[in-house]
Amino acid sequence: MEATKILIFLCGIYALSFAVFHILFWKLFDWKNDLKKINFVNRAIIQIATLRLIYFFVFVAVTCFLFPHELSETKFGRFFMVGLSLFCLGRTIEQFIFFRLNNKWVNMLTIILIAGTILFALPVFI
């Protein structure tokens with residue numbers, strides 16, 4: 001398996017890991033109790049957005065696993081990979097806007113997001 005295909009496979013693992021992470025949100029952040037503190041509409045929006053992110057990350061993972069050649073060799077595939085890299089970059093920037101950076105978990109997530117920015121870009125530029 002050539003290096004580009006391995007990188008795209010790793011992108012799939014990365015995306016699948018984020019899907020699992022988001023599946024755990026209800027337990028990790030005690031949403032059963034914590035979301036009761038906000039109004040019904042906001043509670044619904046948060047949960048729906050999280051479910052759509054889970055779908056998105058699974059979709060990205062499956063795309064990486066099933067279509068590595070297309071992602072590395074076609075104009076659309078490279079465009080898709082750059083878009084995913086920019087998704088991670090944007091989410092990294094949002095870390096600095098919405099979170100305090102003196103928390104070890106936030107700092108670790110920032111590093112993971114920077115890694116995703118690089119990981120999704122590498123198959124395009126190598």
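What you see is a predicted model, and the numbers here were worked out from it, not measured in a lab. Numbers here are sequence positions counted from 1.
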query = Partners of E73 by salt bridge (Lys or Arg N to Asp or Glu O under 4.0 Å), sequence neighbours excluded?
reply = K5
Check ring pair (Phe, Tyr, Trp, His ring centres under 6.0 Å) between [X] and all other residues, then give those that pass, not counting sequence neighbours.
X   : result
F80 : none
F56 : F87
F65 : F9

Set of residues satisfying side-chain contact (heavy atoms from CB on, under 4.5 Å) with respect to [X], sequence neighbours excluded:
X    : answer
N33  : D30, K36
L89  : L86, I93, T117
I118 : I114, L122

ask   = What heavy-atom pair brings F120 and S85 nearest, and what distance separates the two atoms?
value = CB-N, 3.7 Å
query = Under a 4.5 Å side-chain heavy-atom rule over Ile, Leu, Val, Met, Phe, Trp and Tyr, are M81 and F59 clustered together?
reply = yes
Side chain to side chain donor-acceptor pair (under 3.5 Å) involving [X] - partner list, sequence neighbours excluded:
X    : answer
K27  : none
N107 : none
R78  : none

request  = Measure the CZ-CD1 distance between F25 and I46 for me, rounded to the nearest 0.5 Å.
outcome  = 11.0 Å
ask   = How long is the gap from CD1 on I126 to OG on S72, to the nearest 0.5 Å?
value = 9.0 Å
ask   = Side chains of I112 and Y14: closer than 4.5 Å at any heavy-atom pair?
value = yes
inquiry  = For residues 87-97, which residue pairs pass the side-chain hydrogen bond (donor to acceptor under 3.5 Å, both in side chains) check, not counting sequence neighbours?
reply    = R91-Q95, Q95-T110
key: Selection residues 43-69 - residue pairs positive for side-chain hydrogen bond (donor to acceptor under 3.5 Å, both in side chains), sequence neighbours left out   = W26-Q47
inquiry  = Angle between ring planes, F29 versus F21, binned at 30° and 60°: parallel, tilted or perpendicular?
reply    = perpendicular
